[in-house]
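One-based numbering, in listed order, for ligands and for the atoms of each. Hydrogens, waters and symmetry mates play no part in the numbers below; they use all other heavy atoms, side chains included.
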Amino acid sequence: MHVSRERHSDRAASPSLTPPPVIGEPDRDRRFEARVTRDEKVEPNEWMPDAYRKTLIRQISQHAHSEIVGMQPEGNWLTRAPTLRRKAALLAKIQDEAGHGLYLYAAAETLGVSREEMQDQLLAGAAKYSSIFNYPTLSWADIGAIGWLVDGAAIMNQIPLCRCSFGPYARAMIRICKEESFHQRQGFEIMLTLCRGTPAQKAMAQDALDRWWWPVLMMFGPPDAASPHSDRSMRWKIKRLSNDALRQQFVDATVPQARFLGLTIPDPQLAFDEASGQWQIGAIDWSEFRAVLAGNGPCNRERLRRAREAHAAGAWVREAALAHAEKRRARAAAPPS
Ligand code: BYC
């Protein structure tokens with residue numbers, strides 16, 4: 001039998017001269033699955049299957065990259081925000097996103113991958129980030145649409161992640177979700193102001209909805225039948241709801257909001273189904289999603305170029321922080337004079 005080196009947890013009960021029993025791998029896997037089924041949290045210093053660890057590193061690092069690259073489309077409007085109040089709120093939102101990226105990189109680091117490694121993968125173009133951040137922000141209304149729709153979709157996707165089986169990710173998500181809800185409200189309020197403004201402002205809001213609606217629906221990931229990771233991630237309680245279930249929840253929450261704004265969802269097939277109490281949408285063009293994932297979205301190259309520039313421009317900050325830490329360490333180690 002193939003046995004692991006992991007010792008049985010109740011080894012203290014073993015007679016002192018008898019070697020403690022060891023757990024076979026199938027047993028260890030079964031115990032892990034049972035713990036997850038009982039909704040116990042898994043912590044970084046505990047044994048976990050390699051595939052569970054890899055799945056989390058993949059998902060959390062992609063999520064962290066999304067927060068960091070997601071600062072770019074909005075950063076584009078910081079210098080052109082229409083009022084001081086709008087500018088302050090947008091600046092705070094973008095800073096929150098940097099913070100979310102940091103919590104998430106830190107959560108991924110507990111799984112044994114370094115932040116440098118993750119960053120290198122992103123800058124080499126070898127890591128994924130959310131498809132939604134490869135679209136341009138053409139008008140101020142796009143800032144409203146991002147807050148309302150992109151952050152709205154993010155909350156829908158992320159609330160269940162607060163109950164993720166991996167402790168550090170679940171705890172990071174609780175704080176992130178609180179901040180996302182402020183982001184969503186500031187976006188909706190921009191849309192409301194535009195929709196109650198001049199006809200030109202309302203047209204700008206409608207144009208933003210027209211361009212962001214379908215890409216936002218794609219944010220939830222491929223349909224369940226074409227989602228290779230969903231089944232296992234749901235069994236492990238990393239994901240609690242499927243991509244399609246979350247997409248549907250988002251549509252049902254957002255259609256009434258669009259109506260309140262007096263805007264039209266750009267889907268001629270959108271219809272309310274009395275039997276299910278849900279809004280039915282038309283077909284999503286998944287070829288667009290695949291093109292964006294393959295690096296051929298409207299802004300993929302620009303986003304990567306900007307991420308590399310920002311990383312290079314920040315080199316002196318990293319060097320200064322390291323030099324400062326070294327100076328403090330040396331001072332603390334020096335004998336008192
Ligand atoms: N974009 O089997 P699936 C934010 C990939 S940040 C790109 O369903 P999974 C915000 C997927 O990675 C928004 N790729 O995968 C920030 C996989 O590829 P690999 C990000 C996508 O992981 C600033 C393949 O397709 N949120 O909210 O079970 C401002 C097969 O998919 C996308 C998160 O990351 C996509 N949209 O489910 C405002 C949340 N969708 O890795 C807002 C955490 C799928 O096999 N992540 N792919 O090469 C998740 O919940 C899940 O990872 C996903 C995908 C639902 C995204």
| query | At a 4.0 Å cut-off, with the gap strictly under it, does some heavy atom of His183 reach an atom of ligand 1? | reply | no
| query | Who's the nearest protein heavy-atom neighbour of atom 9 (P) of ligand 1, and how far? | reply | Lys239 NZ, 3.5 Å
| task | Go through ligand 1 atom by atom and flag the ones less than 4.0 Å from a non-hydrogen atom of Ser227. | result | 2 (O), 3 (P), 8 (O)
| Leu161 touching ligand 1 at heavy-atom level, < 4.0 angstrom | yes
| Side chain, backbone, both or neither: which part of Arg58 comes within less than 4.0 Å of ligand 1 when only heavy atoms are counted? | side chain
| query | Side chain or backbone of Lys128 under 4.0 Å from ligand 1, or both, or neither, by non-hydrogen atoms? | reply | side chain
Side-chain donor-acceptor pairs under 3.5 Å in residues 150-159, sequence neighbours left out?
from, atom 1, to, atom 2, distance (Å)
Asp151, OD2, Lys93, NZ, 2.9
Gln158, OE1, His63, NE2, 2.9

| Hey, is Asn243 touching ligand 1 through its side chain, its backbone, both or neither, going by heavy atoms under 4.0 Å? | side chain
| said: I'd like to check which ligand 1 atoms, numbered from 1 as shown, lie under 4.0 Å from a non-hydrogen atom of Ser131. | reply: 1 (N), 7 (C), 35 (C), 36 (N)
| task | Identify, by atom number and element, the atoms of ligand 1 in contact range of Met218, meaning under 4.0 Å from any of its heavy atoms. | result | 36 (N)
| said: If we set the cut-off at 4.0 Å for heavy atoms, which region of Phe220 has an atom near ligand 1: side chain, backbone, both, or neither? | reply: backbone
| field | Closest approach of Phe133 to Arg303 (non-hydrogen atoms, all atoms of both residues) | value | O-NE, 2.6 Å
| task | May I ask you to list the atoms of ligand 1 that are less than 4.0 angstrom from any heavy atom of Val150? | result | 38 (C), 42 (C)
| task | Could you list which atoms of ligand 1 come closer than 4.0 Å to a heavy atom of Met219? | result | 36 (N)
| remark: Minimal heavy-atom distance between Ser130 and Ser66, with the atoms involved, is N-OG, 2.8 Å
